[in-house]
Asks: 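Structure in C-alpha cells, see below.
Letters go in sequence order (proteins before strands), and every chain restarts at 1. Quick note: numbers below take in every heavy atom, side chains included, and nothing from hydrogens, waters or symmetry partners.
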Protein chains: 2
Amino acid sequence: MTVTGSRGRRERLRVETTAEIKKVALALMASGGPDAITLRAIAREMGMTANAIYGYFPTRDDLVTTLINDVYTALADAVDAAWEATSAADPAVRIEAWANAFRTWALVNPQGFRLIYGDPVPGYQAPEGGPAPDAARRVCTGLTALAAAAWPHARNLYHDSIFDWSDFDPGLLEKVRPAFPDLPPAAVALALRIWGHLHGLVSLEVYGHMRTQTTSPEKLFQEELAQLTQTLGIPRRR
Amino acid sequence: MTVTGSRGRRERLRVETTAEIKKVALALMASGGPDAITLRAIAREMGMTANAIYGYFPTRDDLVTTLINDVYTALADAVDAAWEATSAADPAVRIEAWANAFRTWALVNPQGFRLIYGDPVPGYQAPEGGPAPDAARRVCTGLTALAAAAWPHARNLYHDSIFDWSDFDPGLLEKVRPAFPDLPPAAVALALRIWGHLHGLVSLEVYGHMRTQTTSPEKLFQEELAQLTQTLGIPRRR
DNA sequence: TACAGAAACTTCACGGCGTATAGTTTCTGC
DNA sequence: GCAGAAACTATACGCCGTGAAGTTTCTGTA
C-alpha cells in the first residue's frame, strides 16, 4: 500500500460511482415517480451499460431498498430537526412543528413519500431486517416523544387502557422504553394512533384523493392539529 | 334483425368476454398485486392473444381504470351495507360498524385496497372524470353520514370552525348538502378528517408498516374507534 | 342462399425492462 | 513488468405494452 493509498483511490471511485447511481436514481424518481427508477435509465444517464450497475448493487430491488433507507432517513432528519428546533416548554407548538414538518416534507417530496409508504415499485418486496426499519423506528420514536410530551395532560383520558407491553414490537420498545422510562403502553398506542391520523391525511393528499373532495387540505390539516392538541388536553398557546 | 336478435348474440358474447377479462384480471391482482395485471398474463389465462384484449379495452390503463371503478364500488357497497345494517338509534354502533367494515374489507382485499389507494400500477395516471370518483364520493358521503350522526353530540366542539362551503369540492357538496341539509361546513371537514384517521391506520396496516411496531393492530383500531366516539361526545353504549 | 363487410382474433414486429453469462479493458500491488 | 482483480461491455433470454397487417368467423342483406 502506498503512502497516499492507491488502493484508496479505487475505493473512492467506487464510493463516488455508488453515490452517483443513487443521485441519478433519486432524480429519476423525483421526476417520474418510483417506477422511473430503472437500471437502464440510470445507466443511460451516466453513460454506462445497465449491467455495470450490477457491480454496485446486486439487483434493482437492492438499489431501491438503499434508496428507501436514504429517503426515509431524510424524512426522519426533517421531523427530528423540526422537533429539536422548538422548546420543550410548549408541547402544542412542538407537536405542531413535528406534524407540519412531516406534511411539508411529504408535499415537497411526494415521490419520496410514495417510495417509502406506497407500493415502492412494481414487484418490490421489503426485506425483513435492514436499515429502512431503523428510519421507521426513528419516526416512531419521534412520535412517542410527541405522545410523551402530551402525556402529562392526556394521561387521564386513558385510565382504562387495554394495552400492555406485549402488544408492541420488541424492537420498537427497545428504542422507546429507555428513552421514556415512565411512559405506559397506552402512550405508545396513542403515538401509533397519531401516526395513523397524520399518515392518513397526508397520504390522501399526496396521492391526490383529497383533491376531489376539498380545495384546502392545508386548512384541514391545521384543523387536525388544533383538534389534536385540544384532544390531548394541552392548553392552547398564546 | 331476427326475432331473437342475432345481433344480440354478438353483444352477449362481447359482454361475457369483457366480464371474463375483468374476472381474470382481478384474480391476478388478488394473487400477485396490482402489478400482476398484465395483458399477456390475462390472455394466457384465457387462451387468447394479448392483442385480442385490445378489442375490449383500448389500453391497459383503461382496463385498470375499469377495475378501480369496480373494486372501489365493491368497497362502497361493503361500508354502505354495514351502515344500513345498523340502527340509526345508536350512532356509536353505527360508526363502529362502518369503520370496521372499511378495515375488514381492506384486510380481506389488500390488493384491492392498494389498487384503489396506492400507486395503482407502474405508470398509471388517473383520468379526470369517470366513475371511480363516483365511488369515492359514495364513501365520502357515507363518512358525512357518519359525521351527521355524531353532529348533535359533537357540534359544540366546533363552534369556532374555520371552514366554509368554498373549501370543498362542488361535486362533493352536490351529493352531500341535499342529503344532509342542516349540516354545516365544519361537519364535512370532520368527515374528511375521520376519513384520514381511518385511512391512515388501515393503510399502514395493509402496507405492512404497522407490523414492525405493534403485534395487535386490531386492538389499536378498536382503541381508535372507542376514542373516536368518545371524542365526538357520543355516550358509550351499554 | 350467396356475399360484402364488420367484428374477433392471430401473427409479426418494435422498443423497453431486469438480469444471467461470457468476454474485454483497465487498474493495482508485488 | 506482470498476474490477477476489478470495472465494464456485449450478447442473449424472457418478460412487458402496443402498433400494423393479415386471417378467420360471424351477420345482415340482396
Asks: A:I21 CD1 to D:dC8 C1': how many Å, rounded?
Replies: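 Rounded to the whole Å, the gap is 12 Å.
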
Asks: Measure the shortest side-chain to side-chain distance between B:V64 and B:L115 over non-hydrogen atoms and say whether it is less than 4.5 angstrom.
Replies: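 Contact flag for B:V64/B:L115 side chains = yes.
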
Asks: Rounded off to whole Å, could you give me the CZ-to-P distance for the B:R14 and D:dT27 pair?
Replies: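 Answer to the nearest Å: 14 Å.
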
Asks: Would you classify B:Y56 as touching base, sugar-phosphate or nothing, given that sugar-phosphate means primed atoms plus P, OP1 and OP2, and contacts are heavy atoms under 4.0 Å?
Replies: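 The answer is sugar-phosphate, as B:Y56 gets under 4.0 Å only of primed atoms, P, OP1 or OP2.
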
Asks: To the nearest Å, how far apart are A:I42 CD1 and D:dC8 P?
Replies: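 A:I42 atom CD1 is separated from D:dC8 atom P by 14 Å.
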
Asks: Testing the 3.5 Å rule here: is there a donor-acceptor pair between the side chains of B:Y117 and B:Y72?
Replies: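 There is such a pair between these side chains.
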
Asks: Once each nucleotide of nucleotides 15-26 of chain C is scored for protein heavy atoms under 4.0 Å, what B/S/- sequence comes out, 5' to 3'?
Replies: --BBBBB-----

Asks: Taking for each residue the nucleotide of DNA chain D bearing the nearest heavy atom, is the 5' side occupied by A:G55 or by B:L13?
Replies: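 Taking each residue's closest nucleotide, the earlier one in sequence belongs to A:G55.
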
Asks: Establish, from distance only, whether the side-chain atoms of A:D169 and B:T212 form a donor-acceptor pair under 3.5 Å.
Replies: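 No pair is found: no donor N or O on one side chain lies under 3.5 Å from an acceptor on the other.
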
Asks: Take atom CD of B:E20 and atom C1' of C:dA8, then tell me their distance rounded to the nearest Å.
Replies: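 Between C1' of C:dA8 and CD of B:E20: 15 Å.
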
Asks: So A:H197 and B:H197, would you call those rings parallel, tilted or perpendicular, with 30° and 60° as cut-offs?
Replies: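 A:H197 and B:H197: parallel rings.
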
Asks: Taking the six-membered ring for Trp and the full ring for Phe, Tyr or His, determine whether the centres of A:H199 and B:Y207 are under 6.0 Å apart.
Replies: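 Distance test on ring centres: not under 6.0 Å, no.
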
Asks: If I take atom CZ in residue A:F57 and atom C1' in nucleotide D:dC8, what distance separates them, rounded to the nearest angstrom?
Replies: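 Computing the A:F57:CZ to D:dC8:C1' distance gives 16 Å.
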
Asks: Identify, with sequence neighbours excluded, every residue that meets side-chain contact (heavy atoms from CB on, under 4.5 Å) alongside A:L26.
Replies: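 Listed in chain order: A:M29, A:L67, A:V71.
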
